[in-house]
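These notes concern the structure reproduced below.
For clarity, every value in this text was computed on a predicted model and none was experimentally measured.
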Amino acid sequence: MKKLFSISISGLATLNLHSLNNEGSEGNHIQTRMVDIVDKDGRLHPVNAISGDMFKHIFVEHFHALALRGGLKLCAGCQTMNANRLNADKGFEAAIKDKSNAEIADLIPQWCALDDVAGILITQGNRSVGRKSVLELGWVTGIPDKVKTDSFFHVKYDQQGRGKTGSDDGSNTGQAIFHRPASSGQYAVVAHLEAYRIGLNDISQAYAIDEGERERRYRAVMQALAFTFLEPNGAMRATQNPHLTDFQGVITTSTSSVPAPTVSPLNPEFREQVEGITQNLNLFAENTLELHNFGSLSEFAQRMADVTLRSSPGKFGG
């Protein structure tokens with residue numbers, strides 16, 4: 001079984017009629033999130049995008065469900081999906097009293113699997129001790145000229161008060177007109193997982209949990225990461241559940257401190273670039289990098305399952 005230090009995903013996802021991430025509303029118009037990117041010729045393009053924060057929330061929701069099902073340890077805050085997580089756990093607050101930063105960094109992975117993998121900033125007791133997430137997710141960014149956002153007219157229909165735009169008392173319980181966006185296109189996806197950091201105290205550089213627990217968390221992380229792209233949750237899914245029709249790209253893995261390479265699909269030659277980087281790094285990395293191509297959603301699921309079942313998390317310095 002291979003000991004993986006890191007795993008990267010570079011993928012091109014096709015999403016239709018979604019509204020996963022919006023900036024808010026202006027009047028009765030819901031505003032979709034737009035970003036500016038630069039192509040290989042240096043030209044700026046405004047494109048629709050879904051923030052990495054949204055996909056991190058998606059990952060956390062999937063990991064939380066897997067942790068509950070698999071009996072992984074969760075703090076009091078994470079058990080109820082409290083946004084403050086460990087900071088909402090009174091037992092943890094008592095446990096870190098008079099502890100050094102290194103000792104607190106030891107307690108975080110021991111106390112909660114979700115805070116171990118998703119990261120946390122401890123702010124209890126006038127302390128500020130951070131733990132970086134083991135997973136890095138970039139913006140899911142539209143490909144220029146291959147993504148479009150439309151705005152659609154909607155109305156809340158009140159049969160008893162037809163023809164009115166609201167009730168007489170101003171409570172807006174009658175008809176209300178609003179405009180909702182829906183975006184379709186191809187989106188660039190990049191993700192990087194530092195598997196060796198699962199359970200690692202970043203201050204002492206020693207592991208705070210045993211190897212069996214590290215492996216259980218690793219498998220839950222890999223499953224949650226696969227689910228994140230196979231079922232992208234987010235805003236307005238009650239009536240605008242995304243039509244995810246395709247996902248293709250490459251997964252790279254590393255069994256050494258050489259990072260698994262990733263190239264954004266904003267580069268149309270990202271596959272060739274990742275393959276070339278992998279081959280060249282292997283010249284001096286003793287063939288510690290591997291590349292796994294996938295051309296569809298089912299192949300992505302298969303590759304993720306194969307990598308997960310045939311590997312375990314590597315160890316810092318080992």
Side-chain angles (χ1 to χ4, degrees), residues 1-12 40 52 55 59 109 116-119 131-139 188-226 228-229 247-295 299-318:
M1 185 171 287
K2 294 184 178 180
K3 300 285 187 179
L4 296 187
F5 269 60
S6 60
I7 301 100
S8 290
I9 299 171
S10 305
L12 188 64
K40 64 179 182 179
F55 270 77
F59 168 81
D116 175 28
V117 303
R131 172 164 181 78
K132 180 180 176 293
S133 172
V134 303
L135 178 64
E136 300 169 345
L137 289 161
W139 285 76
V189 171
V190 288
H192 181 72
L193 171 65
E194 295 176 313
Y196 78 93
R197 288 190 54 251
I198 295 174
L200 180 68
N201 181 327
D202 290 323
I203 297 177
S204 68
Q205 299 294 292
Y207 287 95
I209 56 177
D210 62 38
E211 286 306 299
E213 181 64 16
R214 290 187 68 234
E215 185 162 338
R216 284 190 290 274
R217 293 183 187 183
Y218 167 73
R219 295 190 183 281
V221 167
M222 290 293 284
Q223 289 180 66
L225 183 56
T228 297
F229 298 115
F247 191 34
Q248 52 185 281
V250 289
I251 300 168
T252 55
T253 62
S254 173
T255 57
S256 73
S257 58
V258 177
T262 182
V263 174
S264 171
L266 290 174
N267 182 341
E269 299 177 349
F270 77 99
R271 285 177 179 269
E272 294 81 0
Q273 289 292 322
V274 173
E275 184 174 358
I277 293 170
T278 301
Q279 291 175 350
N280 288 319
L281 288 180
N282 272 332
L283 295 176
F284 57 82
E286 300 178 350
N287 294 316
T288 58
L289 301 178
E290 286 188 359
L291 184 145
H292 310 268
N293 278 290
F294 60 91
E299 284 189 2
F300 171 70
Q302 180 183 11
R303 299 291 182 270
M304 289 293 289
D306 288 344
V307 170
T308 303
L309 294 174
R310 298 176 184 178
S311 65
S312 59
K315 294 187 69 174
F316 177 80

Exercise. When you look at Tyr218 and Ile7, which way does the side chain to side chain contact (heavy atoms under 4.5 Å, CB included) test go after all the steps?
Worked result: CA-CA 11 Å; Tyr218 167 73; Ile7 301 100; 4.1 Å; yes
For this session: Starting at CD of Glu290, measure out to CD1 of Ile251 and round the result to the nearest 0.5 Å.
Result: 11.5 Å
Problem set entry | Sub-4.5 Å side-chain heavy-atom contact between Leu135 and Val117 | no
Exercise. How many angstroms lie between CD in Glu215 and OG1 in Thr308, if you round to the nearest 0.5 Å?
Worked result: 11.0 Å
Exercise. Would Phe5 and Val258 count as a side chain to side chain contact (heavy atoms under 4.5 Å, CB included) if you check the C-alpha gap in whole Å, the side-chain angles of each, and the deciding distance to 0.1 Å?
Worked result: CA-CA 8 Å; Phe5 269 60; Val258 177; over 6 Å; no
Seminar exercise, completed: Between the CG atom in Leu309 and the CE atom in Met1, the distance rounded to the nearest 0.5 Å is 7.5 Å
Problem set entry | Flag side-chain contact, heavy atom, 4.5 Å: Met222 against Met304 | yes
Exercise. In this structure, are over 12 heavy atoms from other groups packed under 6.0 Å from Glu286 atom CD?
Worked result: no
Problem set entry | Spacing of CZ belonging to Phe316 relative to CD1 belonging to Ile198, to within rounding of 0.5 Å | 15.5 Å
For this session: Run through Ser312, Ser256, Ser311 and flag the one making a side-chain hydrogen bond (donor to acceptor under 3.5 Å, both in side chains) with Lys3.
Result: Ser312
For this session: Locate the shortest heavy-atom distance separating Ser10 from Pro265; write the atom from each residue and the value.
Result: C-CG, 4.2 Å
Exercise. Of all heavy-atom pairs between Gly11 and Phe294, which one has the smallest distance, and what is that distance?
Worked result: CA-CZ, 4.4 Å
Exercise. Looking only at atom types and distance, does a side-chain atom of Asn201 sit under 3.5 Å from a main-chain N or O of Ala206, one as donor and one as acceptor?
Worked result: no
Exercise. Would you call Lys132-Asp202 a salt bridge at under 4.0 Å N-O?
Worked result: no
Exercise. Can you find a pair of side-chain heavy atoms, one from Leu4 and one from Val307, that are under 4.5 Å apart?
Worked result: yes
Seminar exercise, completed: Value for NZ (Lys2) from OG1 (Thr253), rounded to nearest 0.5 Å, stands at 6.5 Å
For this session: Please state whether the rings of Phe229 and Phe247 are parallel, tilted or perpendicular, taking 30° and 60° as the class boundaries.
Result: tilted
Exercise. Do you know which two heavy atoms are closest between Ile209 and Pro109, and how far apart they sit?
Worked result: CG2-O, 3.8 Å
Exercise. Which residue, Arg131, Arg214, Glu213, forms the side chain to side chain contact (heavy atoms under 4.5 Å, CB included) with Asp116?
Worked result: Arg131
Problem set entry | Side-chain heavy atoms of Thr252 within contact of Ile277, under 4.5 Å | no
Exercise. Does Arg271 pair with Glu275 as a salt bridge, N-O distance under 4.0 Å?
Worked result: no
Seminar exercise, completed: Value for OH (Tyr207) from CZ (Arg197), rounded to nearest 0.5 Å, stands at 9.5 Å
Problem set entry | Donor-acceptor side-chain pairing of Thr262 and Ser8 below 3.5 angstrom | no
For this session: Check for a donor-acceptor pair, side chain of Ser254 on one end and backbone N or O of Ser6 on the other, with a separation under 3.5 Å.
Result: no
Problem set entry | Any Glu194 side-chain heavy atom under 4.5 Å of Tyr196 side chain | yes
Exercise. Taking side chain as C-beta onward, heavy atoms only, is Pro261 less than 4.5 Å from Thr278?
Worked result: yes
Problem set entry | Contact summary for Phe300 and Ile9, nearest pair of heavy atoms | CE1-CD1, 4.0 Å
Seminar exercise, completed: Here the pair of heavy atoms bringing Val221 nearest to Phe59 is O-CE1, 3.6 Å
Exercise. What's the shortest heavy-atom distance between Ala224 and Thr228, and which atoms?
Worked result: O-OG1, 2.7 Å
Problem set entry | Residues in side chain to side chain donor-acceptor pair (under 3.5 Å) contact with Gln273, at least two apart in sequence or another chain | none
Seminar exercise, completed: For Asn267, the side chain to side chain donor-acceptor pair (under 3.5 Å) test, sequence neighbours excluded, returns none
Problem set entry | ring-ring contact (aromatic ring centres under 6.0 Å, His included) contacts in which one or both residues fall within residues 250-288, not counting sequence neighbours | none
